[in-house]
Structures are given as C-alpha cells and as structure tokens.
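Okay, so here's the structure we're looking at.
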Amino acid sequence: MSGVGVGVELRGVGLSYGHRRVLDGIDLVIAAGERVCLLGPNGAGKSSLLRCITGVAPDREGAVLIDDVPLEEFSRETLARRLAVVPGQVQLPFATRVEEVVALGRLPYEHPLRGPRAEDRAAVTAAMARVGVADLAGRDARELSLGERQLVVLAMAVAQQGGILILDEPTMHLDLRHQVEVMELLVDLNERDGLTVLAVLHDLALAAHFFPRLLLLDHGRLVEDGAPADVLTPDRVRAVYGVDPKFVPFMAS
Amino acid sequence: MSTELAPGIARPTIAIGRFEAIRRRPARLFVLGLGVLAVSIALGIAFGSVSIPLDQTLAILGHRFIGWPSAVTWSPSTETIVLELRLPRVLSAATVGMGLALAGVVLQGLLRNPLADPYVLGTASGAALGAAVALLVPIQFAFLGLGLLHLLAFAGALIAVWLVYRLSGGGSSGSITSVLLTGYAVGSLLAAGLAMAMFLSGDNLRQIFFYLLGSFAASTWAQLAVALPIVAVGSALILSRARSLNALLLGDEAAQHLGLNVRRERTLLLALASLVTAASVALAGLIGFVGLVVPHVVRLVVGPNARAVLPLAAVYGASFLVLADLVARIPGELPVGIVTAVVGAPFFLALLRRYRTGYQL
C-alpha cells in the first residue's frame, strides 16, 4: 500500500449545469490522512462536488489542488495514481471475474503495450486480501450480492493505490451488516494504511459514528464543517433536511 | 505480450461451478490459433471447384515464396489457380475476418453493448448505399485495380460513421446511448436510400443483392494490396489499445477515474474500428456474424480482458472466415454471408447453452 494520504484543497469552486447553479463558492481543505464524510439532502450537490475533485465535471470554476498541485496539471493517468474513486453501482457488459474487476485498478500503472507486471498482480492479490474478497476471486462479479459487489469495487480502488479514496454512497442498497462492514473497512484503511477517505453518505447515524469530520452541503453551499456533534444539531437538521429531528433516532435521545 | 490479467493470483480452493473451468490460457490459445489459421489457409487454397492436392499446393507456395527447390510437377494453370485466384481470395477472407472480429470487439466494448457489431454505427448501410450508387452510375472507373464500387463502399461506410459521430456529439460528453441511437437512425435513413437505389436499379438489382450478401469470389491481388495495409495498420493500432478497452468495462466515468482520456480514446477507437470495417466491406461486401460472434466466443473462453480477447479474436476471426469461404465454395459459390450465419448462429447458441451458468450476453 502506498501508505501516504493525499490532501485536497478547494478554492472558490462553483459549478453550473446550464442555468442551474449546483455548487457555489466552496472553500475546503482536507488534509492528508483525514476521514471526512459529505452529507446533504438529495440535490445538494454532493456528487457534483466529488466530480469537481476528481476532475470529471466540465467547466468547473475555481481551483482544485491535489497535494498542492492544481488539478489541471495532472494527466488523467497521473491523477488516477493519486485519487482512487470507488464507482457507485457498476454494470458490467460481459461476464467478468472478481479478480479481473480488481485488476482494473492497476490500469493507471499499466504500460499500454507491455501489460501488467508482477507487482501489479501482487497489488491485486494484496487488495483482495485486504478487503476480504480473496475467496470470491474466480466468481463472476455480476452474480454477486450487492454487498459483495461493493466490496469488490472497493478492492479495485484499493489496488489502485491512490492516496485518497473517494466514495459516492458506498452503502446504498446494502443491509445493515454490510453497511457496518464497509464503514469499518474504510476506518481501517484510513487508520492503518493512512489513506485519506472522502465519502458521501445519506445515513446520518453511520456518518456520525464512523467519521470524525462531517461536511454538510445544502443548495450547493457548504453550510457546516466540523465534528459530528457540532454539525448535526437539531436546528441544522431541521433547516437543511426539512424534517423534525425526532425522526433521526440517535439525535432524539 | 502478456495476455493474462492476473495469472499470479492463486486459484480459489473451492471450485466455483463451471465458470471456473472455462478460463483457458490465452497465450497457448493464440499459438493454437495461428496453427488453425495456417491450416485453414492451406485448405482454402487447395480446395474449390478445382481441387489441388494439398502437397502440390504447399509445393507451389514453397517454390514461389521461399524458393523451395522442388521439382515443378504441376501445370501452369494449376499454378495460376493457386497464385492468382485462390491465394488472394483466401488472404482476403483472412484479412476481412480479422478486421471484422477486431472491430466487433472494439464496438462491443466501446458501446458497452454485447449486441453491437462492426456495422452498428451505420457502416453497413453506408457501404451498401455507396456500392449501389456505384452500380447505378454508368461510369467505368478503375484506380489501382479498384472499381468505383470499392471506393464508394469504403467512402460510404466512413461517411456514415462520421455523420453518426457528429450528430451524436460522440466525442464530447454525449452519452454512449445517444451514439447507438443515432447510429440506428442514420442507418435507417441510409437503408431507405439503398432501397430507393435498388428500386431504381433494374438489371443491376442482382449485383447489389450479391454485394449485400458478401463474397470473396472476385478478390484480386490489386484489391488486397490496397485493403490489407489499411486493415493491418488499423488492427495493429486496435491491438495497442487493449488497456483503453479494459478501462471502459466499467463505463465512461469509471474509465476516466482509471486514468483514461475517454474522449480521445473513444474517438480513436471509433475511427480505427470504422476504418477497418470500411476496408473490409469494400473488399468483400457485407458479411455478417463474424464481428458479432467471434468476440463473444473468445470472451466465453478467456473472459473480457481485451489484452487476451483482441489477439485471439484476430486469429480466430481470420480462420473462421477462411473456412466459411471454403464451405461457401463447396456447393458452388454461395454468398459467404449465408455460410457465416448458418455456421455461426448454431455454434454460438450451442456455446451459450453449454456455458449458461457462466456466461450471459
């Protein structure tokens, strides 16, 4: 594992889709080795913010720096060695073995003609073992349960050996056990391997429990940034999500 | 060339159904494929309306190309059949088979659609319309041994793809679904033009019809000399883009996150596949099934890793079409497109049934 976290800095980042303003004036510093969760209601701009950081949002305003280097100075390939993005729900067009999916994480290191080297294969094996999917290696990824599939794409991102893991709703569609399993894995990757973790979550309880720092996004603006107890106050939850905080179990007590 | 994605990975100790069993070593399969191709070519040269003994066929080829000092025991007409009729024909079939199979791999991967084939983005209708127009225009024209038909078919195929690409905004963020649907729309429009041309064609109808079914009966060295370099260079470049095709497995955005310049690679791959397809259809007409079935059969055996799929599709696609052309000659010049469909479809179905647990389209 690379072991060195990657830091991200955003300065005045804004984004519009046509006339619709989805992000506005985002200033944010995520230090190397931090574990940060991005929260906000649907349409708040969470995925757009991730897309700005990973450089796939067209016509972004403002500056994004990866380890103090402007995003624009990276080629897609060099960026992919720094940032590992865990895809949301993956659709595979052809039957694909789990080890083949995980091996895709090595593409940023692969020579176009020579193909994978021994160290790439070792990284794939290590990533599968790290995430706990080694026993699935020969299975068709399309036949796995959603929980298993989420772990497989996570293993792919780990094999990519970027210094930061970026995840958009990694627990979507997962049952409670798999949700906790994925969260614990993220905590472990962060604490033991030193990876920076930035995840979008919808579950406030999971976020508060597993992340020391929360970002709250509302209407394209960053409205809160801090420890769970400071960010998830009853007033904030009422204002941003438009619901009575009594529906948020861990806050009701 | 490393053809396996991760050979160092230990096989799981628990056998997992039949899926585990169907992955074979791609490097060995490639060598086997070269052997199959060589045998197919030899058989394709030896057999036909006039059969030439296999040893004599090999003797003629050896004598002519590598200066093998064998006594000349064959008639000049036999030599002409081998060198001027059969050889260009068989090599044309191999060229087209390789090109269509590779273009099929590329388009299925690029469009992330298992039902895509080399013709899906309008190349077929474009080439057919070009050929039909060439047959209608009363101009005798020859350039480098190529008739107007070849040139217009080639141009028609490329123009059709270019139109699809432009109309769908294919290079930009335009979704891949819109490329596919635009391909369908443009293809339908060109097909209407083709129908019109056929309606107007009178006595030429039969010729247009034959072009649509595909054939190697009229292959010449001159045509091959133009088409082969295009297909060969295009194929070599496609083979060098295996990494890009692998990255596209998970979709455009994931491919970008895996370090791919999606916009550039998509444009490049589309251009290469179109070029190879256009040269193939100009050479032999519209031969179906090769570009659809060969990629799937290869994936069925070695999995979706383009680093293995591309070279295997190239050799087995070439062999398949050489053999299909041979079969087409047995009853006396059937259009080869009929043979590829009749042979290919049941074979494909049988494979699908056999590996049902492990492979779905």
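Residue numbering restarts at 1 for every chain, and letters A, B, ... go by the order of the sequence lines. As the structure is a prediction and not an experimental result, all values here were calculated from the model.
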Review point. Within a reach of under 6.0 Å around OH of A:Tyr17, are more than 12 heavy atoms found that belong to other residues, nucleotides or ligands?
Key: yes

**Study point:** A:Arg114 to B:Arg307 - nearest heavy-atom pair and separation
**Key:** C-NH1, 4.2 Å

Review point. Heavy-atom distance under 4.5 Å to chain A: side chain of B:Leu249, backbone, both or neither?
Key: both

Exercise for review: Under the side chain to side chain donor-acceptor pair (under 3.5 Å) rule, collect the residues that match up with A:Gln91, sequence neighbours excluded.
Suggested key: none

Check your understanding: Between A:Pro93 and B:Arg112, which heavy-atom pair has the shortest distance, and what is it?
Key -> CD-NH2, 3.6 Å

**Study point:** Nearest heavy atoms of B:Leu258 and A:Gln160, plus distance in Å
**Key:** CD2-OE1, 3.7 Å

Point to revise | Donor-acceptor contact below 3.5 Å, side chain B:Arg243 vs main chain A:Leu107 | key: yes

Practice item. Report yes if some heavy atom in the side chain of A:Pro87 is under 4.5 Å from a heavy atom in the side chain of B:His257; otherwise report no. Key: no

Review point. What pair of heavy atoms forms the shortest contact from A:Phe94 to B:Pro304, and how long is it?
Key: CB-CB, 4.1 Å

Study note, to complete from the structure: Within residues 233-242 of chain B, contacts to chain A at heavy-atom distances under 4.5 Å involve B:Ser240

Practice item. Report, by ascending residue number, the residues of residues 102-110 of chain B in heavy-atom contact with chain A at a distance under 4.5 Å; give 'none' if the set is empty. Key: B:Gln108, B:Gly109

Practice item. Under 4.5 Å heavy-atom distance to chain B, tell me which part of A:Arg106 shows up: side chain, backbone, both or neither. Key: neither

Check your understanding: chain B contacts: which residues in residues 75-85 of chain A have a non-hydrogen atom closer than 4.5 Å to it?
Key -> A:Arg76, A:Glu77, A:Ala80, A:Leu83, A:Val85

